[in-house]
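Keep in mind the model is a prediction, meaning the values are calculated, not measured. In what follows, every chain begins at residue 1, and chains take the letters A, B, ... in the order their sequences are listed.
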Amino acid sequence: MNDVITKSKDVTLLEILDRILNKGVVIAGDIVISVADIDLVYLGLKLLLSSVETMEKYRGAPIYSPYQEPS
Amino acid sequence: MKNYKCIYAILDSNVNGSDHKPDIMGLDSSSVYFVGYRNISAAISDVNRDTIKISSDIAFSYEKIIENLWVKYNLLPMRFGSVVKSNANIIEILKRNYANFIDNLKKVENKSEFGLKILWDMNKTDFNTEKTFNLDNYKKLKKLNKNSIYRNYLIDKLKQHKSEDSFMKKIDDIIEEIHSPLKRLSYLYKVKKIVTPKIILNATYLVKNDMKDEFIQKIRQIKEEKKNIQFLLTGPWPSYNFVKISIK
């Protein structure tokens, strides 16, 4: 059954980067220094920006079609 | 000194306390532990600020931590690099976003995500698109002088447009043939049509765990029917693409 699922390490790394850098629960805003009483330090954006170049290299041609989600 | 807390995921049970030690090593070689509020928890570990730098090893490690948690708990994965300074901050996050976390945890419970990319080589793939052009369908154009540069230019442009139109319609048909059976087996899906020389579709599907085998089998079946394109299926993943929360 699992012969259909891709196991290539390069592909898996691209898929991981796409998920952990772009998806999941997100801290709103660019760099959040404080949110009301919470002193929240978000380091992810700087890392995201620095890794965008790497991601573009992995992704190849830019994407131009919009997402389509079920209503 | 490790004076930051890295948040890996939000879990749907309060596993705060010494009875629940996940025995998972977090980034920076610190154990993962939980901070709870009502019936949810955050899985965290102590890190140095300098530890949170992306690299392929760190990326694999981070994902592995979430996968290990996912074996035991229903969860919402956090985007990489989400750090706070104290457990009090975490409790505040859980409290402020409690309803949203609960809704999303219910949505993803007992479900897995699959990523599907459809790849092709545009130059090697012949989709038998319509190549004939019938000038009879363009009466005004037909009346123009046959030697007219204007006429010939227009004919060339129309042929090109018709060919592209036919080609794109064929792509849409192929995507529909692949996506239709898969969406019927999915709880949710996201589809992005991309037409480049290398890729035509990037989709993610949220599939109930008891439908996983059937979903994979369906892809195998479609793959057999469409040998001129390549299927890149990954998963099962925790539900990264179907979590819509911006933390307040």
Colleague: Would you indicate whether the side-chain heavy atoms of A/Arg19 and B/Thr204 approach each other to under 4.5 Å?
Modeller: yes
Colleague: To the nearest 0.5 Å, tell me how far A/Asp18 CG sits from B/Tyr240 OH.
Modeller: 11.0 Å
Colleague: If you take all heavy atoms of A/Ile20 and B/Arg79, which pair is closest and at what distance?
Modeller: O-CG, 3.1 Å
Colleague: If you take all heavy atoms of B/Ser56 and A/Leu13, which pair is closest and at what distance?
Modeller: CB-CD2, 3.7 Å
Colleague: Could you tell me which of B/Pro77, B/Ala9, B/Pro238, B/Ser239 has the largest number of non-hydrogen atom pairs under 4.5 Å with chain A?
Modeller: B/Pro77
Colleague: I'd like to check the salt bridge (charged side-chain N to carboxylate O under 4.0 Å, His left out) partners of B/Glu177; sequence neighbours left out, ordered by chain and number.
Modeller: B/Lys226
Colleague: Tell me, side chain or backbone of B/Phe242 under 4.5 Å from chain A's heavy atoms, or both, or neither?
Modeller: neither
Colleague: Do you know which of B/Leu233, B/Ile199, B/Asn104 has the most heavy-atom pairs under 4.5 Å to chain A?
Modeller: B/Leu233
Colleague: Surrounding NZ of B/Lys208 (heavy atoms of other residues, nucleotides or ligands, distance under 6.0 Å), is the total greater than 12?
Modeller: no
Colleague: Would you call B/Lys117 and A/Glu15 a side-chain contact if the rule is heavy atoms closer than 4.5 Å?
Modeller: yes
Colleague: Between CG of A/Asn22 and CZ of B/Phe80, what distance do you get to the nearest 0.5 Å?
Modeller: 13.0 Å
Colleague: Just to verify, what does B/Lys169 make a salt bridge (charged side-chain N to carboxylate O under 4.0 Å, His left out) with, not counting sequence neighbours?
Modeller: B/Asp173
Colleague: I need the minimum non-hydrogen distance between A/Ile5 and B/Thr234, along with the two atoms involved.
Modeller: CG2-CA, 4.3 Å
Colleague: Report yes if some heavy atom in the side chain of B/Tyr62 is under 4.5 Å from a heavy atom in the side chain of A/Ile16; otherwise report no.
Modeller: no
